Amino acid sequence: MADLFLEIITPERQFYIGPAQELVIPAIDGLYGVQPGHEPAVTAMEPGELRYKVDGEWHIAAIGQGFVEIMPERAIVLVSTAEKPEEIDAKRAQEAKERAEERMRQKKSVEEYYRSKAALARAMARLKVSGRR
């Protein structure tokens, strides 16, 4: 079977561009697995762990919110952030997690609650991926 052409792009950089045999994304309604020949789709993604297989080896990244466009021969992932495990400062991610949890406990406003919830999700994704070095 042919490879899928994969592009993972953030506002700051082209995280990965090249062939991939598989892709697993944290979509808003659960994990999506993508292989060559997948039906066309567009979906939103939440912060979490993205995985992609290149030459039989799985690679992982902590990603922020974004979107993915899937076509039978390609997938374009547009996310706010993408980090490899070795790029993540686990101590800093743990501190961000604790700050977000504290802000959620303070119950200031609905808007602040959702901002804190998003920050907590980002920190949790970073911690999960950083533990896989």
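Given the structure is predicted, the values throughout are model-derived calculations rather than measurements.
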Rounding to 0.5 Å, atoms NZ (Lys53) and CD (Gln21) come to a distance of 7.0 Å

Verify, without hydrogens or angle tests, whether Thr81 (side chain) and Gly64 (backbone) share a donor-acceptor contact under 3.5 angstrom.
yes

Contact summary for Pro19 and Asp3, nearest pair of heavy atoms:
CB-OD2, 3.4 Å

Which pairs with one or both residues in residues 56-66 pass side chain to side chain donor-acceptor pair (under 3.5 Å), sequence neighbours excluded?
none

Between the CD atom in Gln35 and the CG atom in Leu23, the distance rounded to the nearest 0.5 Å is 10.0 Å

Report the distance from atom OG1 of Thr10 to atom CG of Leu78, rounding to the nearest 0.5 Å.
10.0 Å

In one Ile/Leu/Val/Met/Phe/Trp/Tyr side-chain cluster, 4.5 Å: Val79, Tyr32:
yes

Drop me the distance from Phe5's CZ to Ile17's CD1, to the nearest 0.5 angstrom.
6.0 Å

Qualifying residues under ring-ring contact (aromatic ring centres under 6.0 Å, His included), relative to Phe15, sequence neighbours excluded:
none

Is there a path of hydrophobic side-chain contacts, each under 4.5 Å between heavy atoms of I/L/V/M/F/W/Y residues, joining Ile60 to Ile25?
no

Report the C-alpha separation of Arg99 and Glu101 in whole Å, then their side-chain angles, then the decisive distance to 0.1 Å, and conclude whether the salt bridge (charged side-chain N to carboxylate O under 4.0 Å, His left out) test is met.
CA-CA 5 Å; Arg99 281 192 308 271; Glu101 288 172 337; over 6 Å; no

For Pro72 and Leu4, work out which heavy atoms get closest and say how close.
O-CD1, 3.9 Å

Taken to the nearest 0.5 Å, the spacing of Tyr16 OH from Leu50 CG works out to 11.5 Å

When you look at Arg74 and Glu69, which way does the salt bridge (charged side-chain N to carboxylate O under 4.0 Å, His left out) test go after all the steps?
CA-CA 8 Å; Arg74 66 179 168 83; Glu69 177 188 37; 3.1 Å; yes

For Glu83, salt bridge (Lys or Arg N to Asp or Glu O under 4.0 Å) partners two or more places apart
Arg126

Nearest-0.5 Å distance, CD of residue Glu46 to CD1 of residue Ile63
9.0 Å

Is it true that Arg13 and Glu87 make a salt bridge, defined as a side-chain N closer than 4.0 Å to a carboxylate O?
yes

